[in-house]
Amino acid sequence: MAIMSFIFVFFFFSSLQPILSLYEDQVGLMDWHQQYIGKVKQAVFHTHKTGRKRVVASTEQNIIATLDLRRGEIFWRHVLGPNDVVDGIDIALGKYVITLSSGGSILRAWNLPDGQMLWESSLHGPKHSKSLLLTTNLIIEKDNVLIVFSNGRLNAVSCIDGEVLWKKDFEEESLEVQQVIQPPGSGFIYVVGFAASSQFEMYKINAKNGELLKHESTAFSGRFSGEVSLVSSETVVALDSTGSILLTISFHNGKISSQQTPVSNLLEDSPGLAVIIHSSVTGIFAIKTDAATIFIRVIGEGKLEVVEKTNHETVVSDALSISEGQQAFALVQHAGSNIHLTVKPAHDWDSNLLKESIKMDQQRGFVHKVFINNYIRTDRSHGFRALIVMEDHSLLLLQQGAIVWSREDGLASIIDVTTSELPVEKAGVSVAKVELNLFEWLKGHVLKLKGTLMLATPEDIAAIQYMRLKSSEKSKMTRDHNGFRKLLIALTRAGKLFALHTGDGRIVWSHLLQSLHKSESCRQPIGLNLYQWQVPHHHALDENPSVLVVGRCGPSSDALGVLSLVDSYTGKEFSSLSLVHSVAQVIPLPYTDSTEQRLHLLIDADKHAHLYPKIPEAIDIFQSEFSNVYWYSVDDDNGIIKGYALKTKCSGNVADEFCFDSRELWSIVLPSESEKIITTATRKLNEAVHTQAKLIADKDVMYKYISSNLLFMATVAPKASGEIGSVTPEESWLVVYLIDTVTGRVLHRMTHHCSQGPVQAVLSENWVVYHYFNLRAHRYEMSVIEIYDQSRAHNKDVWKLLVGNHNLTSPVSSYSRAEVITKSQSYFFTHSLKAIAVTLTVKGITSKQLLIGTIGDQVLALDKRFLDPRRSVNPTQAEREEGIIPLTDSLPIIPQSYITHSLRVEGLQSIITVAAKLESTTLVFAHGLDLFFTHYAPSRTYDSLTEDFSYALLLITIVALVAAIFVTWILSQRKELQDRWR
């Protein structure tokens with residue numbers, strides 16, 4: 001009986017442990033998820049005594065969000081469409097967030113506490129124009145009124161339900177309205193602007209019914225620059241088109257008067273071209289020149305007086321009303337590693353309400369915007385807090401001389417991502433220094449065992465949680481044997497590099513690149529791509545890996561290029577180059593020098609190839625492989641694909657030892673009247689092909705067409721290159737190509753009639769999967785093409801294939817005319833896609849999965865077997881054993897296959913997959929406005945134990961089993977002895 005009881009207890013705990021481990025494994029699949037809002041362009045504070053203090057912000061990524069003023073966390077946010085650009089925001093009645101967007105065509109009201117949309121109004125008009133939102137204290141028939149100018153029309157809109165109460169058209173074609181003004185306490189509205197760029201126009205409108213009360217205009221001999229600064233309710237300041245003359249225009253009582261002041265009269269030295277800094281401070285405005293920022297006061301009848309000139313980078317806030325008839329504004333100036341925040345009253349420049357100096361991380365760059373808010377201190381004086389937007393798009397709240405919180409919202413605009421291994425744990429480091437000692441290890445497992453047996457006290461549970469956090473290996477800064485811990489190196493649109501730890505998503509380092517910093521020589525720097533520059537393997541203990549950042553000084557392909565080399569471990573920019581040639585294309589070569597620096601070819605706009613790094617050893621390596629270097633270019637606009645090879649070293653003005661001329665090998669010119677290129681796709685450079693042969697159900701062998709030079713291209717009818725549904729089915733078609741980029745040979749061409757883009761595609765091994773819209777069937781579809789090499793069809797000796805002796809002497813060349821066959825199939829798919837990727841593994845047993853970014857901003861995993869072109873309605877028994885799934889017209893969407901679970905990656909742009917050292921696991925990183933990282937195991941984690949696996953319980957189980965065997969053996973011996981005595 002005792003033995004039976006022990007066996008029952010043993011099997012109970014043996015079955016309990018896998019259940020607990022499985023639960024922990026499922027919970028631990030999602031590693032981290034981070035939410036961002038992007039670069040803030042407008043912000044409004046809401047700090048009423050009732051309710052939580054918050055700030056409402058709109059961003060360049062078309063997001064409306066409210067943030068907690070205490071911690072900077074997101075209360076709620078709404079991501080508007082890509083064309084729904086936010087023109088203005090404000091808070092009405094203390095409880096409505098008002099937004100104007102889509103070029104002034106859409107006005108919305110949101111509930112401030114929870115972000116629910118209350119109403120939406122469409123504001124159309126006779127012409128396109130500047131959009132202006134004005135929140136007033138006007139009341140019309142018990143309705144609080146919003147004044148909106150957009151699309152050439154002035155509208156009065158109810159705050160309660162969005163109803164348009166009246167409207168007034170301004171149909172004059174040349175009129176450009178600049179400001180809509182309501183003088184305090186008045187019942188009329190001024191609408192001011194320019195006509196034909198040389199005439200100032202003023203309209204006085206009755207605020208109750210939209211009736212025109214007065215219209216005045218005055219001509220100016222020159223031309224206006226188009227930007228004005230409002231210095232009072234009846235005075236504006238503008239610059240002429242040359243930026244050298246200031247015009248002060250007053251329209252008091254509907255009468256226009258103006259005065260011209262040359263900028264040179266206000267400054268002793270030549271100021272150069274001046275621009276007005278936008279602000280709304282009463283009586284004061286600022287202009288910025290190449291050398292300085294000048295603050296000017298308007299006195300008397302349009303007379304101007306310089307109150308301060310500064311050579312420091314300066315940002316000015318809008319005016320803030322702090323009491324009846326009193327305004328304040330903020331200035332932020334840079335001085336070395338500090339920023340100086342000064343708050344001044346608008347009526348007295350010489351006095352300060354606040355003056356603070358805050359130490360600022362220089363990697364954040366300059367301040368771009370500042371928004372201020374006031375509060376009442378305990379001594380009844382005014383205190384101020386400032387929300388600042390930095391050059392790297394980060395957002396910070398300053399209060400009482402300190403940074404209260406910061407947000408790295410630059411990560412909402414990632415351009416490119418690469419990965420880097422972490423340092424190797426060096427020999428000689430005591431394990432006791434980095435891990436728990438033996439006693440603590442045993443104590444931890446005893447506590448885990450008590451938790452498993454449900455005997456743990458609340459104090460034990462708290463100790464378990466603390467020890468898990470303390471001993472977690474996820475956040476260590478060294479490599480792990482499974483290859484899970486890595487650095488994600490991300491380049492953002494602001495020109496900043498971030499290193500994110502895959503364990504917990506924390507920022508290990510960040511660096512604002514000098515090469516992508518605006519300067520005299522590079523007025524419009526743009527980051528392009530990231531590449532792995534040096535990946536030490538033989539010298540991993542002595543050398544740090546590094547990345548190459550490629551950019552250029554302008555949006556055009558012929559703009560001069562810039563390069564930066566950055567240490568992956570420290571973020572130090574150890575080299576920065578301003579190139580004398582453009583960068584149209586970057587080709588990482590599969591060659592490295594003795595220091596394991598990878599060779600790169602940079603192709604300029606004239607098709608010259610420039611070799612980097614520029615060292616003699618690189619030339620020697622490159623010369624030996626000179627004849628094996630090929631590349632191609634795709635001209636989307638003209639429908640031309642060309643292939644190139646190297647010819648000789650450059651001659652003429654671009655003569656350089658590391659520069660090479662190219663020769664055109666082939667070209668494909670598509671008919672412009674019938675095809676337009678919309679998508680291309682190639683294999684990932686780091687993708688490993690684990691087997692070249694595929695054994696099918698009838699024991700036949702099919703050889704995959706494996707080529708790193710394969711290009712997938714999709715074209716559509718020119719009329720069908722717009723939005724879905726912009727053409728009829730008969731006018732639309734989609735053509736796909738598989739092209740060998742060395743020879744220019746079209747290996748496969750297929751037409752999908754009545755189909756339209758956008759097309760998302762992924763190319764892996766010998767197959768390509770692409771997604772498009774079928775206009776006739778009114779549905780999204782996914783198609784697959786698999787390509788096989790028939791030139792090796794005679795070599796089907798399975799035994800030679802297994803032992804690796806097949807086809808050993810057969811040459812492999814892109815110029816060998818391969819005989820290929822293709823298999824294809826199309827399936828109905830219910831979702832629109834934003835991105836598509838494929839899982840990567842280090843070995844070949846784990847099944848391939850497609851990772852699909854859906855229109856709902858989630859990531860769905862789809863087994864590649866569902867996209868097998870050999871699927872049939874009734875597969876044979878042999879095909880079923882091979883894993884062929886019966887054919888259905890649609891692809892299944894299994895809710896459990898969403899690897900993002902219930903989370904969304906707002907604004908999903910790209911999915912990056914990286915192979916871990918474990919065969920079963922792929923690292924997945926998805927980014928857009930949000931970041932999401934997880935470990936994904938398509939075939940389950942069959943080759944590893946979970947982190948929380950209880951080794952103590954396993955040890956106790958083994959000891960108990962051995963003891964049970966020993967006790968059972970003794971009892972058996974005794975029983976046998978008793979039987980013999982009988």
Side-chain angles (χ1 to χ4, degrees), residues 32-59 61 63-79 89-99 110-116 315 317-318 320-322 328 330 332 339 341 343 353-361 364 367-390 392-412 504-507 510 906 929-931:
W32 45 268
H33 175 237
Q34 299 173 358
Q35 294 182 317
Y36 298 99
I37 61 174
K39 184 180 181 181
V40 172
K41 61 180 183 180
Q42 293 173 292
V44 182
F45 290 87
H46 181 267
T47 55
H48 290 185
K49 291 182 179 179
T50 58
R52 303 175 74 171
K53 293 179 173 59
R54 62 188 76 203
V55 58
V56 182
S58 68
T59 71
Q61 284 74 19
I63 290 179
I64 306 296
T66 61
L67 305 177
D68 184 355
L69 211 52
R70 295 185 184 277
R71 295 181 296 274
E73 297 172 353
I74 298 174
F75 279 134
W76 57 261
R77 65 175 178 172
H78 291 289
V79 183
I89 62 169
D90 209 336
I91 296 177
L93 304 180
K95 57 183 179 179
Y96 299 143
V97 176
I98 308 297
T99 63
W110 315 83
N111 191 33
L112 181 61
D114 58 12
Q116 181 180 359
V315 181
S317 76
D318 280 338
L320 171 71
S321 179
I322 56 176
V332 178
I339 62 170
L341 173 64
V343 179
L353 297 174
L354 177 73
K355 193 167 186 177
E356 296 175 341
S357 180
I358 301 103
K359 187 173 181 59
M360 186 64 62
D361 182 2
R364 295 191 183 278
V367 176
H368 276 194
K369 289 181 182 293
V370 59
F371 309 92
I372 61 168
N373 175 245
N374 71 305
Y375 59 94
I376 304 300
R377 297 192 181 107
T378 54
D379 60 357
R380 310 306 298 172
S381 63
H382 287 289
F384 295 90
R385 56 175 71 94
L387 188 71
I388 61 173
V389 182
M390 302 299 293
D392 67 345
H393 299 185
S394 59
L395 187 66
L396 299 89
L397 182 71
L398 310 181
Q399 188 172 329
Q400 297 181 353
I403 299 174
V404 180
W405 51 258
S406 63
R407 293 179 52 87
E408 296 293 348
D409 283 300
L411 287 168
D504 52 10
R506 75 181 187 277
I507 298 173
S510 61
E906 291 284 0
L929 297 171
D930 299 342
L931 308 182

Seminar exercise, completed: Applied to residues 402-412, the salt bridge (Lys or Arg N to Asp or Glu O under 4.0 Å) test, sequence neighbours excluded, yields Arg364-Glu408, Arg407-Asp409
Exercise. Excluding sequence neighbours, so at least two apart, what forms side chain to side chain contact (heavy atoms under 4.5 Å, CB included) with Gln399?
Worked result: Tyr375, Arg385, Val404
Are [X] and [Y] side-chain neighbours, meaning at least one heavy-atom pair lies under 4.5 Å?
X      : Y      : value
Leu931 : Trp32  : yes
Ile63  : Tyr36  : no
His46  : Val97  : no
Asp318 : Phe371 : no
Ile403 : Leu398 : yes

From [X] [atom1] over to [Y] [atom2], what is the distance, rounded to the nearest 0.5 angstrom?
X     : Y      : atom1 : atom2 : value
Arg54 : Leu69  : CZ    : CG    : 10.5 Å
Lys39 : Leu395 : NZ    : CG    : 11.5 Å
Ile37 : Arg77  : CD1   : CZ    : 9.0 Å
Leu67 : Glu73  : CG    : CD    : 10.0 Å
His78 : Thr66  : NE2   : OG1   : 8.5 Å
Gln35 : Leu929 : CD    : CG    : 10.0 Å

Taking all non-hydrogen atoms of both residues, which atom of [X] and which atom of [Y] are closest, and how far apart?
X      : Y      : answer
Ala328 : Val343 : CB-CG1, 4.0 Å
Phe384 : Ile322 : CE2-CG2, 3.9 Å
Trp405 : Leu387 : CH2-CD1, 3.7 Å
Val55  : Ala43  : CG2-CB, 4.0 Å
Gln116 : Asp114 : N-OD1, 3.1 Å
Ser406 : Leu396 : CB-CG, 3.8 Å

Problem set entry | Residue of the set Thr99, Val56, Ile89, Ile98 for which side-chain contact (heavy atoms from CB on, under 4.5 Å) holds with Trp110 | Thr99
Seminar exercise, completed: Only one of Val40, Leu341, Leu397, Ile339 passes side-chain contact (heavy atoms from CB on, under 4.5 Å) with Ile388, and that residue is Ile339
For this session: Tell me, yes or no, whether the heavy-atom count around Lys95 atom NZ, taken from other residues, nucleotides or ligands under 6.0 Å, exceeds 12.
Result: no
Would you confirm whether [X], through its side chain, and [Y], through its main-chain N or O, come within 3.5 Å as a donor-acceptor pair?
X      : Y      : result
Trp76  : Leu112 : yes
Arg52  : Arg70  : no
Glu906 : Val79  : no

Exercise. Does a salt bridge link Asp504 with Arg506, judged by any charged N lying under 4.0 Å from a carboxylate O?
Worked result: yes
Seminar exercise, completed: ring pair (Phe, Tyr, Trp, His ring centres under 6.0 Å) filter on His368, not counting sequence neighbours, yields none
